[in-house]
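The structure under discussion appears below in the form of structure tokens.
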Amino acid sequence: MKKICCCLCICLYSCTPFGFLPEPADHPVAVVDELYKQFKDRYALFEQRGLNWDSTYAVNRGRVFEGMTDDSLFNVLTRMLAPLDDGHVQLMVPGKDKWYSNRIYREGLGFELFDTLFIQQNYLRATERGDGYFKGQIGNHLYVHFTYIGAPWLQLPGWLKTMPANSVLILDLRHNSGGDFTYALEALRWLNGERRSVFLSRTKNGPSGDAYTPWYNWFLEKVDNPVQNKVIVLTDRFTLSAAERTTMMLRSLPNVKLLGDTTNGGISTVVYRDLPNRWITRIPVQQVLSPSGENFEGQGIPPQEIVLNPSAPKLLGTDLVLDRAIQLANMP
Amino acid sequence: MIRLILWLCLVSLSSQAQQTIGLKTGPSWLKRQDLVFSASTRSAFTPVSTGISYEHAGQKHRQQIQLLYTGLTGKEHVFTYQEQYFNGATQTSPSNWLFLDLHFHWQYVVKEAGKYDIALGGATAAQLGALFYGYADQVFGYTHQFRVSPTLTWRFRPAPKHQFTLHYEQNLIAWVARSPYAMNDDAFIADQQSHNDFRTLWNTLGRARLVGPAAFIHARLQLNYRYRLGKHWQTGLVHTLYYEQTDLGAPLRALGSHHLLGFYYQF
């Protein structure tokens, strides 16, 4: 019996190989191979983005050689990632600008069409600025701009409760690059009188192509006496990530109007990974659908009414998107 | 388990025993290759880990309980890149790994011969770990475990004032919770949704799985030197080397050590 026990213990302890796993080598070929593998194992959106990753890798692998410069290696990596056109896919390299796969973010296309300073100087009174937000009054209405989705959102319920009945909340999500959507999920309860599904998501949870968690249904919970004021939400092509999930929450509510431009279309949750040369990349790991099954990844969430600034508000002398929001807010 | 602990307490109290409380502090190192976060092996160090302990030693039975806090900072190469839309020049972050270890072991002396004795026993250990892996920002993850291990201890007293102890333990079963494969899946996001650290801890503890030694290994070797300063006071060094391995979710390999200077009061 003793011998059997000893054999069992030795077997249990010894059948697993011990020791650290081999690390990817730090040379250009290994870096490209590792980038390919990281995305192959974790990126959840090749199908939605319409990219054959294996072919992209095969084409670019041929461009890599030992001893190539960091700049050349950077060019190969970005050439692999650019076709994804994904606002979440980024590459951070020493001394360089953060590189975005998404062309709008990378080239700053239309970035000047929204100007926070112009709004503060020309539209708002009783302006209050805090970490991650600024707000003020436009006539009887409350204007709030959040720069990201995070803890500052927890102040929103307090602001909502002090709004007069005929006042409208103009919630500006333009140039909001995201954050943690659960803060918005908490804050927006105060606009919601019934528990409602707002989006579904599932996560890549293994290297094989079809390895995903089950779909997870996210709900916006209700409060007993929700704030009934109308809400006008402004979005643009720089509304990204958690800000897009927040837009999905808001569009599920009955008293909300979406205005402006289509959002960026990078909705998934994202993770960081490092490459063997310590460069850092970001990889979206989720697929997200609306409760009715619509996919906005890569396309963006369209507003109910498209209103665009043809050029910078400073040059126009006005912000046409905000003007339209005020016009709608003033309608009975 | 509760019955066993109660029995151990009764055994301890029933004999004429020495009790010792100790305060320990010193540097710790950790090499960690956690493929949930990175294929690279990362190293971290702290000059000050801090622990307190209570020991109870009878003729045949010995028990020790220890609480140790280790807050390690990664030795990763950080670099500066440009955040064109937000903060301008931005530096990447090193990792921070925080561990709270509660360790209890009980030993029974099976052989005594002159200056040495050999004891067999068991250990239970609980570890709460918050991992802040450094990239462009820090990314939160967790590792919690509760282990039950057999132990083997060899104690040697070359002179009345000197004592060396060599202790080895390796888990039989463990209850392990780790960050998910994708680091950031829906369940993980929901676990943190309250934005309350205690609730997050509670939720992540709920992700634990019971596993055997084929799925999770924690092996620990400890060399302890104790010097008697007087009737009540002792000082000494405790060197602990541990190795951890699992493939639950994604492979993890970790090799760490603590080198603590201790001061003890015996009563």
Side-chain angles (χ1 to χ4, degrees), chain A residues 9 12-13 15-21 23-24 34 37-38 41-42 44 90 92-98 100 105 108 111 147 151 154 175 177 180-183 185-186 201-207 211 213-216 218 238 269-276 278-282 285-286, chain B residues 31-33 35-42 76-86 89-90 92-93 133-139 150 170-172 180-190 192-195 212-217 219 243 245-247 249-255:
Chain A
C9 287
L12 281 171
Y13 282 144
C15 56
T16 314
F18 289 91
F20 285 76
L21 303 169
E23 292 181 56
E34 186 62 17
K37 186 177 180 316
Q38 299 278 7
D41 290 355
R42 289 168 194 273
Q90 298 159 12
M92 275 120 323
V93 172
K96 286 190 184 292
D97 278 355
K98 179 197 271 188
Y100 289 87
Y105 262 90
F111 190 79
T147 48
L154 300 181
H175 283 38
S177 59
D180 180 346
F181 70 82
T182 61
Y183 282 101
L185 208 55
E186 169 62 25
S201 45
R202 65 173 188 169
T203 314
K204 191 89 166 55
N205 72 345
T213 60
W215 286 102
Y216 190 101
W218 286 92
F238 289 85
T269 290
V270 69
V271 300
Y272 283 105
R273 299 295 287 186
D274 54 359
L275 297 171
R278 307 298 180 204
W279 294 0
I280 296 168
T281 185
R282 290 183 95 198
V285 293
Q286 281 194 325
Chain B
K31 265 179 83 172
R32 190 178 160 88
Q33 184 184 32
L35 269 70
V36 167
F37 299 95
S38 171
S40 309
T41 302
R42 299 197 178 194
E76 295 103 334
H77 166 69
V78 295
F79 64 81
T80 303
Y81 66 96
Q82 297 294 321
E83 235 344 322
Q84 57 270 49
Y85 290 116
F86 308 106
T90 305
T92 58
S93 307
Y133 260 79
Y135 305 95
D137 308 306
Q138 285 190 329
V139 170
Q170 185 170 330
N171 68 288
L172 270 180
Y181 170 88
M183 248 197 268
N184 211 4
D185 65 13
D186 292 295
F188 181 74
I189 296 166
Q192 299 175 78
Q193 195 178 349
S194 65
H195 306 289
F216 176 84
I217 294 165
Y243 174 76
Q245 174 168 327
T246 185
D247 289 333
L252 163 72
R253 307 288 184 269
L255 181 67

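Chain naming here is simple, since letters A, B, ... match the order of the sequence lines and numbering starts at 1 in each.
Using a 4.5 Å cut-off between heavy atoms, A/Leu185 contacts chain B through its side chain alone, with no backbone atom that close. Residue B/Ser194: no heavy atom, backbone or side chain, is found under 4.5 Å from chain A. Of the atoms belonging to A/Val285, it is side-chain heavy atoms, and not backbone ones, that fall under 4.5 Å from chain B. Residue contact with chain A, scored on non-hydrogen atoms closer than 4.5 Å, is absent for B/Tyr133. Both the backbone and the side chain of A/Asp41 come within contact range of chain B, judged by heavy atoms closer than 4.5 Å. For a residue to count as touching a neighbouring chain, one of its non-hydrogen atoms must lie under 4.5 Å from one of that chain's; by this rule A/Pro24 touches chain B with the side chain only. Of the two parts of B/Leu255, the backbone and the side chain both hold a non-hydrogen atom closer than 4.5 Å to a non-hydrogen atom of chain A. For A/Glu34, the part lying under 4.5 angstrom from a heavy atom of chain B is the side chain only. Using a 4.5 Å cut-off between heavy atoms, A/Tyr183 touches chain B through backbone and side chain atoms alike.
Contact check for A/Asp274 versus B/Ser40: side-chain heavy atoms found under the 4.5 Å cut-off. Proximity of B/Thr90 to B/Gln82: side-chain heavy atoms (C-beta onward) are nowhere separated by under 4.5 Å. Inter-residue side-chain proximity for B/Thr92 and A/Ile280 is flagged as met; some heavy-atom pair is nearer than 4.5 Å.
Note on A/Thr203, A/Asp97, A/Thr147: by heavy-atom pairs under 4.5 Å with chain B, the leading option is A/Asp97. Listed options B/Thr80, B/Asp185, B/Thr41 were ranked by heavy-atom pairs under 4.5 angstrom with chain A; first place goes to B/Thr41. The greatest number of non-hydrogen atom pairs below 4.5 Å with chain B, out of A/Gly95, A/Ala151, A/Gly206, is found for A/Gly206. With respect to chain A, the highest number of heavy-atom pairs below 4.5 Å among B/Gly212, B/Ala182, B/Ala89 belongs to B/Ala182. Of the residues considered (B/Ala190, B/Ala136, B/Pro251), B/Ala136 shows the highest number of contacts with chain A, using heavy-atom pairs under 4.5 Å. Among B/His77, B/Glu76, B/Lys31, the residue making the largest number of heavy-atom pairs under 4.5 Å with chain A is B/Lys31.
For A/Arg202, the side-chain hydrogen bond (donor to acceptor under 3.5 Å, both in side chains) partners two or more places apart in sequence, or in a different chain, are A/Gln287. A search for side-chain hydrogen bond (donor to acceptor under 3.5 Å, both in side chains) contacts involving A/Tyr272 returns B/Asp137, not counting sequence neighbours.
The backbone N or O of A/Leu21 lies less than 3.5 Å from a partner atom in the side chain of B/Gln33, making a donor-acceptor pair. A donor-acceptor pair under 3.5 Å is formed between the side chain of B/Tyr85 and the backbone N or O of A/Tyr105.
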Step by step, work out the ring pair (Phe, Tyr, Trp, His ring centres under 6.0 Å) result for A/Trp218 and A/Phe181. CA-CA 11 Å; A/Trp218 286 92; A/Phe181 70 82; 5.0 Å; yes
After noting the C-alpha distance and the side-chain angles of A/His175 and A/Phe111, does the key distance pass the ring pair (Phe, Tyr, Trp, His ring centres under 6.0 Å) rule? CA-CA 8 Å; A/His175 283 38; A/Phe111 190 79; 4.3 Å; yes
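Judged by the 6.0 Å and 45° rule, A/Arg278 forms no cation-pi pair with B/Tyr81.
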